[in-house]
Amino acid sequence: MKKNKPCPECKTIMELKKTTLHFEREGFYADVENVSAFICPKCGTRSIPGRLAASIGKTIENLFKSANEAEESVEKELSPSFSGISFHRVHP
Ligand SMILES: [Zn+2]
């Protein structure tokens, strides 16, 4: 997907790079690393391709939901059940 996508802010041609997305919800946060995104070299505006953005959004949504359910299912005195999940692709 090598397209010359202009920045919506300053019209500079954006570069396809890897970035980290940060999500925060109900006391949990999640970082999604090495996300392919168009990044403006001039003003730093980021644009995630639609299909990828939807896929990440759904994954994060499920992750927060699972975390909350795990929290609720544990006895009060043991809460919180866990404070975070780290999920990575292992590079060979
Ligand atoms: Zn820009």
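Order of appearance sets the numbers: ligands from 1, and atoms from 1 within every ligand. Predicted model, so just to flag it, every value in this text is computed and none were measured.
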*Asks:* Can you check whether C7 reaches F38 side chain to side chain, under 4.5 Å on heavy atoms?
*Replies:* no

*Asks:* How many angstroms lie between atom CZ of R46 and atom CE of M14, to the nearest 0.5 angstrom?
*Replies:* 10.0 Å

*Asks:* Give every protein N, O or S atom lying under 2.8 Å from the Zn ion (ligand 1), naming each by residue and atom.
*Replies:* C7 SG, C10 SG, C40 SG, C43 SG

*Asks:* Is it possible for you to say whether I60 and L52 belong to one hydrophobic cluster, with membership spreading through side-chain heavy-atom contacts below 4.5 Å?
*Replies:* yes

*Asks:* Taking only residues two or more places apart in sequence, or in another chain, which ones meet T20 in a side chain to side chain donor-acceptor pair (under 3.5 Å)?
*Replies:* none

*Asks:* Starting from the C-alpha separation in whole Å, work towards a yes-or-no answer on salt bridge (charged side-chain N to carboxylate O under 4.0 Å, His left out) for K65 and E69.
*Replies:* CA-CA 6 Å; K65 197 165 162 263; E69 280 167 5; 3.8 Å; yes

*Asks:* Measuring only between side-chain heavy atoms, which start at C-beta, is I48 closer than 4.5 Å to L21?
*Replies:* yes

